Amino acid sequence: MLDLQALGFNSLQQPQPGVWIGKSAEMGLGEKIEVVSPIDGSAIASIQLATPAQVNQAVEAASQAFRHWRTVPAPQRGELVRRIAEQVRQHKIILAELITLEAGKIPQEALGEVQEWIDICDFAVGLSRQLYGLTIASERPDHRLMEQWLPLGPVGAITAFNFPVAVWAWNAMIGLVCGDPMVWKPSEKTPLCALACQHLVQRAIATLPDVPPEVCSVVIGKVDVGQTLASHPSLPLISATGSIPMGRAVATTVAQRLGRSLLELGGNNGMIVAPSANLELAIRAIAFAAVGTCGQRCTTLRRLIVHNSIADSLVERLQKVYRSLPIGDPNQDGVLVGPLIDSASGEKMQAALETARQQGGKIFGGDRITEGVPKGGVYVHPAIVEISPDAAIVQEETFAPILYVMRYETLEEAIAIHNNVPQGLSSAIFTENFREAEYFLSPAGSDCGIVNVNIGTSGAEIGGAFGGEKETGGGRESGSDSWKAYMRRVTNTINYGTALPLAQGIRFLDN
Ligand code: NAD
């Protein structure tokens, strides 16, 4: 049984607060919704959602907190993140259990998600001593030209259901060391994870004397809450993770006020399997990437582009693996594929398969499972669909385990098929031929933000920048120099001489 008290919940019988500004949790004044476990469709809690007026209060509190937080030296801000990591390490298992309950992930993946939070904390703590700018040669005598990176302001984070902890953590841990308070609107499908995260963060804040609790707030709600954040002039940055239509709506609102958006949107990730590929590795990588999290990762493998010479045998071997997949209650030992998030998701999967059938697809699997799984959950056999690359359905991200298999003859053809979709998140090639691998990584190769060789499309490490191109939105989060999106770059010119030379040799009022 979940030890919910350790995560700050007294009883799930009572409605949960939809607003948590700093350390003060309040009932939302909006609609009451039920939180449903995808494992068996049971109601596990109810939440009073935030209203736009309450969102404004959270943003106002974050703006107040910013005035102080921006002046705290970055390594001290890092100390907060270090203490958050201590809380997360202590509560790793219980938080993973909550992810399983609320998002339906198998324990291995739920633990991996919490580990991502720990990893990004470690990264952010180191980063807190490395927020460096350049010193640049000035063309003028006795002048210094340099850049500083300064805190940007409160950040609004809108996140998706499928990584109910990690996506916020990637943003928040980096944002905090950069000096930015965070106002988080989690998915209304996974609000308990957000409340648990807020509880752990506030516990860490309470151990330090100089941290305004309002550096982290949570507002739970639907589109109106997201749009209130997106339109708020006091949030210089909106980081939005979710579907492409959501990103388009959020980016449009943010653009109206000329704010910054950091977009992490849908993917339609492809893998090329070349004739020289190590098929043992490829099949394991395909299976993890295509059916892991029941096909509900932004980096899920959705398109397999296989050389004609190996396509028949690869499909046959994959079907064999798919036949043996343990599917069911994620809490049961050995299960590798849990439920879809809800029945709407199951219906979208069936509709996509029907469309694929009409467009000439040959379908293996994909049917709903009703025996041997908890009643009330939506469990499916992952599908393999052999289809032409010209079929319109392969252009779409259906957030469910459907793997489209297409065939190619030349590598150029494979790359053309691969790049011919509107999304550009993650991609991979399996080949033992280094010329093919390097070509795929080159400017003429994959057009995605993540391009892998001999590993699958999902399961990124936090050390690299994460994100994609085209309709995936162009944002980068997590490691590398993604932190720069959360800061304000300031260029300084300092004259330490006694004259006033102008740049470009311009002469003005000098005798
Ligand atoms: P979603 O777009 O339905 O919802 C995401 C968040 O946006 C939720 O908090 C939701 O309430 C909010 N929202 C929805 N419409 C909005 C609007 N018009 N204005 C403001 N806020 C709005 O996505 P989902 O179903 O929760 O998640 C699945 C999607 O997220 C998939 O497309 C997946 O690929 C994508 N995703 C992308 C990444 C990435 O890093 N690229 C990571 C995780 C998920």
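Since the structure is predicted, the reported quantities are computational estimates derived from the model, not experimental observations.
- Glu86 pairs with exactly one of Arg89, Arg83, Arg82 by the salt bridge (Lys or Arg N to Asp or Glu O under 4.0 Å) rule, that one being Arg82.
- Checking side-chain atoms of Asp180 against main-chain N and O of Leu152 turns up a donor-acceptor pair under 3.5 Å.
- In summary, Arg489 and Glu147 engage in a salt bridge, as defined by a charged side-chain N under 4.0 Å from a carboxylate O.
- The number of heavy-atom neighbours closer than 6.0 Å to CZ of Arg257, taken from other residues, nucleotides and ligands shown, is above 12.
- A 6.0 Å sphere centred on CD of Gln90 holds more than 12 heavy atoms belonging to other residues, nucleotides or ligands.
- The closest donor-acceptor contact from the side chain of Lys32 to the backbone of Leu49 lies at 3.5 Å or more, if one exists at all.
- By the 4.5 Å heavy-atom criterion applied to side chains, Leu229 and Leu235 are counted as neighbours.
- Judged purely by distance below 3.5 Å, without hydrogens or angles, the side chains of Ser231 and Gln256 never pair a donor atom with an acceptor atom.
- Around atom NZ of Lys92, more than 12 heavy atoms belonging to other residues, nucleotides or ligands sit under 6.0 Å away.
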Practice task
Start with the C-alpha gap between Gln296 and Ser345, add the side-chain angles, then the distance that decides, and say whether side-chain contact (heavy atoms from CB on, under 4.5 Å) holds.
Solution key: CA-CA 10 Å; Gln296 300 169 111; Ser345 183; 4.2 Å; yes

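- Taking the six-membered ring for Trp and the full ring otherwise, Trp149 and Trp483 have centroids separated by under 6.0 Å.
- The line from NZ of Lys105 to CG of Leu98 is 12.0 Å long, rounded to the nearest 0.5 Å.
- Sequence neighbours left out, the pairs with a member in residues 433-445 that pass side-chain hydrogen bond (donor to acceptor under 3.5 Å, both in side chains) are Thr431-Glu436.
- The side-chain heavy atoms of Tyr132 and Gln148, taken from C-beta on, include no pair separated by under 4.5 Å.
- Thr190 places no side-chain N or O within donor-acceptor distance of the main-chain N or O of Pro186, the cut-off being under 3.5 Å.
- Val453 has its side chain out of reach of Phe430: every pair of non-hydrogen atoms, C-beta onward, lies at least 4.5 Å apart.
- When every heavy atom of Phe466 is checked against every heavy atom of Ala460, the shortest pair comes out as CD1-CB, 3.8 Å.
- Around atom CG of Leu150, more than 12 heavy atoms belonging to other residues, nucleotides or ligands sit under 6.0 Å away.
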Practice task
Under the side-chain contact (heavy atoms from CB on, under 4.5 Å) rule, what do Thr491 and Leu145 come out as? Steps first, then yes or no, please.
Solution key: CA-CA 7 Å; Thr491 303; Leu145 183 56; 4.0 Å; yes

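- Closest approach of Leu425 and Cys298 over heavy atoms only: CD2-O, 3.3 Å.
- Asn268 and Gln395 share no side-chain donor-acceptor pair at under 3.5 Å.
- Looking only at distances, no side-chain donor or acceptor of Gln16 sits under 3.5 Å from a matching main-chain atom of Gln48.
- Side-chain contact of Asp447 with His418: a donor-acceptor pair under 3.5 Å is absent, judged by distance alone.
- Judged purely by atom type and a 3.5 angstrom limit, Ser482 uses its side chain to pair as donor or acceptor with the backbone of Glu477.
- A donor and an acceptor atom, one from each side chain of Gln115 and Asp119, are located under 3.5 Å apart.
- Rounding to the nearest 0.5 Å gives a distance of 8.0 Å between CD1 of Ile33 and CD1 of Ile220.
- Residues Ile174 and Phe123 form a side-chain contact, since some pair of their non-hydrogen atoms from C-beta on lies under 4.5 Å apart.
- Two residues are said to be in side-chain contact when any heavy atoms from C-beta on lie closer than 4.5 Å; Ile21 and Val219 fail this criterion.
- A 4.5 Å side-chain heavy-atom check between Trp117 and Leu200 finds at least one atom pair inside the cut-off.
- A salt bridge does not link Glu264 with Arg476: every distance from a Lys NZ or Arg NE/NH1/NH2 to an Asp or Glu carboxylate oxygen is 4.0 Å or more.
- Across all their heavy atoms, Asp210 and Pro212 have their closest contact at O-CD, 3.7 Å.
- A donor and an acceptor atom, one from each side chain of Thr457 and Ser426, are nowhere located under 3.5 Å apart.
- In the model, Ser217 has no side-chain atom that pairs as donor or acceptor with a side-chain atom of Trp184 under 3.5 Å.
- Using a distance-only test at 3.5 Å, with no hydrogens or angles considered, no donor-acceptor pair links the side chain of Thr135 to the main chain of Met146.
- Minimum interatomic distance between Val421 and Lys470 (heavy atoms only, all atoms of both residues): O-NZ, 2.6 Å.
- The closest side-chain donor-acceptor pair between Glu432 and Asn278, if any, does not fall under 3.5 angstrom.
- Closest non-hydrogen pair, Lys185 versus Glu188, comes out as NZ-OE1, 3.5 Å.
- Nearest approach of Leu265 to Met246, heavy atoms of both residues: CD2-CE, 4.0 Å.
- Formation of a donor-acceptor pair under 3.5 Å by the Arg260 side chain with backbone atoms of Ala485 is found in this model.
- For the residue pair Thr253/Gln227, the side-chain donor-acceptor check at 3.5 Å is satisfied.
- Side-chain N or O atoms of Asp224 include none that pairs as donor or acceptor with a backbone N or O of Thr228 at under 3.5 Å.
- Put simply, the side chain of Thr398 never gets that close to the backbone of Ala400: no donor and acceptor are under 3.5 Å apart.
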Exercise for the section: Run the numbers on Trp20 and Glu26 for side-chain hydrogen bond (donor to acceptor under 3.5 Å, both in side chains), then give the verdict. Expected result: CA-CA 6 Å; Trp20 201 333; Glu26 295 167 22; over 6 Å; no

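- Ser239 and Asn171 form a side-chain donor-acceptor contact under 3.5 Å, judged by distance and modelled atom types alone.
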Handout entry: Criterion side-chain contact (heavy atoms from CB on, under 4.5 Å) on Arg144 and Thr493, from CA distance to verdict
Key = CA-CA 6 Å; Arg144 184 151 70 93; Thr493 309; over 6 Å; no

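- Taking the charged nitrogens against the carboxylate oxygens, Glu396 and Arg302 have no contact shorter than 4.0 Å, which rules out a salt bridge.
- Each of Glu113, Glu397, Glu109 was compared with Arg297 under the salt bridge (Lys or Arg N to Asp or Glu O under 4.0 Å) criterion, and only Glu109 meets it.
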Exercise for the section: Give the intermediate values and the outcome of side-chain contact (heavy atoms from CB on, under 4.5 Å) for residues Ile84 and Leu176. Expected result: CA-CA 11 Å; Ile84 292 173; Leu176 285 175; 3.9 Å; yes

